[in-house]
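Heads up: the structure comes next, in structure tokens.
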Amino acid sequence: MGNLPILQFEEKILETVDQNPVVVVIGETGSGKSTQLSQILHRSGYTKAGAIAVTQPRRVAAVSVSRRVAQELDVRLGDEVGYAIRFEDRTSERTCIKYLTDGVLLRESLSDPELKQYSVIILDEAHERSLNTDILMGLMKRLIRLRASNLKVLITSATLDGEKVSKFFSDCPILNVPGKLFPVEISYTSEQPKSYIDSSLRKAIDIHVNEPEGDILIFMTGQDDIEKLVSKLEEKIQSLEVGSCMDALVLPLHGSLPPEMQVRVFSPPPPNCRRFIVATNIAETSLTVDGVVYVIDSGYVKQRQYNPSTGMYSLDVVQISRVQANQRAGRAGRTRPGKCYRLYPLVVYHDNLLEATVPEIQRSSLAGSVLYLKSLDLPDIDILKFDFLDPPSLESLQDALKQLFLIDAIDENGTITRIGKTMAELPLEPSLARTLIEANEYDCLTLALTVASMLSVEGTLLPGRSKSTDKKRKHPPSDLPDGSGWGDHIQLLQIYELWDQTDYSIDWCKDNNLQVRGMLFAKDVRKQLSQIMQKIAKGSLDVKRKERRRERQHDYMNLRMSLCVGYASQLAERMIRHNGYRTLGFKSQLVQVHPSSVLRTDDEGMLPNYVVYHELISTSRPFMRNVCEVEMQWVTPILQKLEKLNVNKLSGGSNQPIENKEENSNITKKEGNDVGPCDDPNSRIQAARDRFLARKANK
DNA sequence: GAGCACTGC
């Protein structure tokens, strides 16, 4: 620690912080900024007036960095130095250096908008541009005006683009701290390869045969690519002449790998053996693999993006940004000089790649963030004019406002309602928060809490699409409940309830092919949600498990009604003659029930007339994922509400919405399945109503 | 009848 580059700048840092409310610190990997900045400020007395908060985008980082700082200061973790992440608060009254995830700091500012307990707030790793960090930066800009005399804000970033952040904070000073990376020699291909899998394969074998020892890290886009490349590599290595080169070990590395497989990359390789680590971008920032000397960069990444005009998510393979390319290259130079092979030409790097990755705030649905900002009740802030470092599109903000209106979180003037305030307290997406509140009214909160918790997990069911079990096609080998035909939400509920009856047995999860991590996470979420719901209602809430009722169907109905209210903008109506659906949102889409759904058909093979869905995802086709049957008489009032909707009023009354600052051209918008002639919302709603009446008459 | 990158309150 003694020779961390940042310590040579201690005086300069203190002087700059002393004279400025905001300072940007640029420090590459290994500069020590995450562990040292807080200590430097602590030493010079900033903690006398309040604590120092250091935010991290990831939980593991908050924990591990705070642990190291506690060690360096020789204090017990949780005393002077502590951390706070979801489900875990290891701080005390003595804590004066506190590491937390950016999401936790946002939660804290909900109950204390001025964050008075802190004298210094450090937003670390701001270059990653997480949704929460971006919102925090906007809030900090306002906070330093309010607390000019007693708050210091530091923004740290690993890339050289400090200019932009500095400009955002009224041209605040930028300090540069060198890092400790070794040089990385970068090479390019002369042409864009036809297949980056084959190209990676050739390059990896070439390195293995011709280059000195050192592990190879290969960046792929997803599990599929990784599995293909791993088997091709193994095959190729087998065919190499024995003794012609050193041993080899091929290791896949991606998020859905079970933990015991993931940690394999941390155990040192056997002697005289080269490791091939084939990874997603999990190895870009989240996990650091020691021993890597060679990096092969496919130039692609899988990215999830939200299209506000269709309400649809898609998961696309896109080109990485130059910042990302450099981050990947840097992974080769952590322990000694390395080499990075980019599988694309230099001109592509210069001319085709974006300078920086499109920030998350421009790729996500903003309903939750907008509700959060509204609930802060900042008198001087208009949501459409909120000062973002990179503003989201007007369309995206208006999409969020419309969603919030439909679920009663804001009124027709865009003002937050009491329900909306309550929703913001819940660490859930707004639709689920609304469902809980409604469920409380219908006396089925227990069930809704479970469904909300299960939906907060992704990939709970059958994590490995095991090709081996493919033989038994129709019914996957499991005795898990099927949702009684109502749909996926009910199935999730039933699964959790069964697990609950086994006293949360890990073996039970394994026996049933359920992801243990996911189930445990759901349990934590459920506990947290129950506590918050109890606090909010200050009274007796139906959060405890009641004795089993015989009237399960009645419970399910109440639950489905609650979901219908919570997901008012995510309802769909089946077509007359087939099992395709048309969404009933602002813009009608033709969609299908995802084949993994347990939704049941009737005697004539037809799916329910109306459903609620958790998410629209466009893969090979647009699908509704997690679907549940609802009744048409629940849907009608919502359609009527849709009719009343006036975006301009929602946006704050102005008839002329402000110009969108910058068209977000980085995201190629997928044309959804626009239903076409019914583009005018009013005529569409009229049409939906006519169909509704026709159905009713038919009954 | 398809398949999911990574985070996080």
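Note on naming: letters A, B, ... go to the chains in the order of the sequence lines (proteins, then strands), and numbering restarts at 1 for each one.
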Can you confirm whether the side chains of Q324(A) and T357(A) place a donor and an acceptor under 3.5 Å from each other? yes
Test of ring centre spacing under 6.0 Å for Y300(A) and Y196(A): yes
Quick check on contacts: within residues 82-91 of chain A, what sits under 4.0 Å from DNA chain B by heavy-atom distance? I85(A), R86(A)
Choosing from [options], which nucleotide comes nearest the side chain of [X]?
| X | options | result |
| --- | --- | --- |
| V104(A) | dG3(B), dC9(B), dG8(B) | dC9(B) |
| S620(A) | dG3(B), dC9(B), dA5(B) | dG3(B) |
| P595(A) | dG1(B), dC9(B), dC6(B) | dG1(B) |
| L315(A) | dC4(B), dA2(B), dC9(B) | dC4(B) |
| I282(A) | dC4(B), dC6(B), dG8(B) | dC6(B) |

By the salt bridge (charged side-chain N to carboxylate O under 4.0 Å, His left out) test, which pairs, at least two apart or in different chains, include something from residues 598-608 of chain A? D482(A)-R600(A)
So [X], base contact, sugar-phosphate only, or nothing? Heavy-atom distance under 4.0 Å.
| X | answer |
| --- | --- |
| F623(A) | sugar-phosphate |
| R107(A) | base |
| S130(A) | nothing |

May I ask you to say whether D524(A) pairs ionically with R86(A), meaning some side-chain N is under 4.0 Å from a carboxylate O? no
With the threshold set at 4.0 Å, does a side-chain nitrogen-carboxylate oxygen contact exist between E128(A) and R58(A)? yes
Atom pair distance, as rounded to whole Å: CG in D316(A) and P in dC4(B): 11 Å
Within 45 degrees of the ring normal and closer than 6.0 Å to the centroid, is that where the cationic atom of R363(A) sits relative to Y306(A)? no
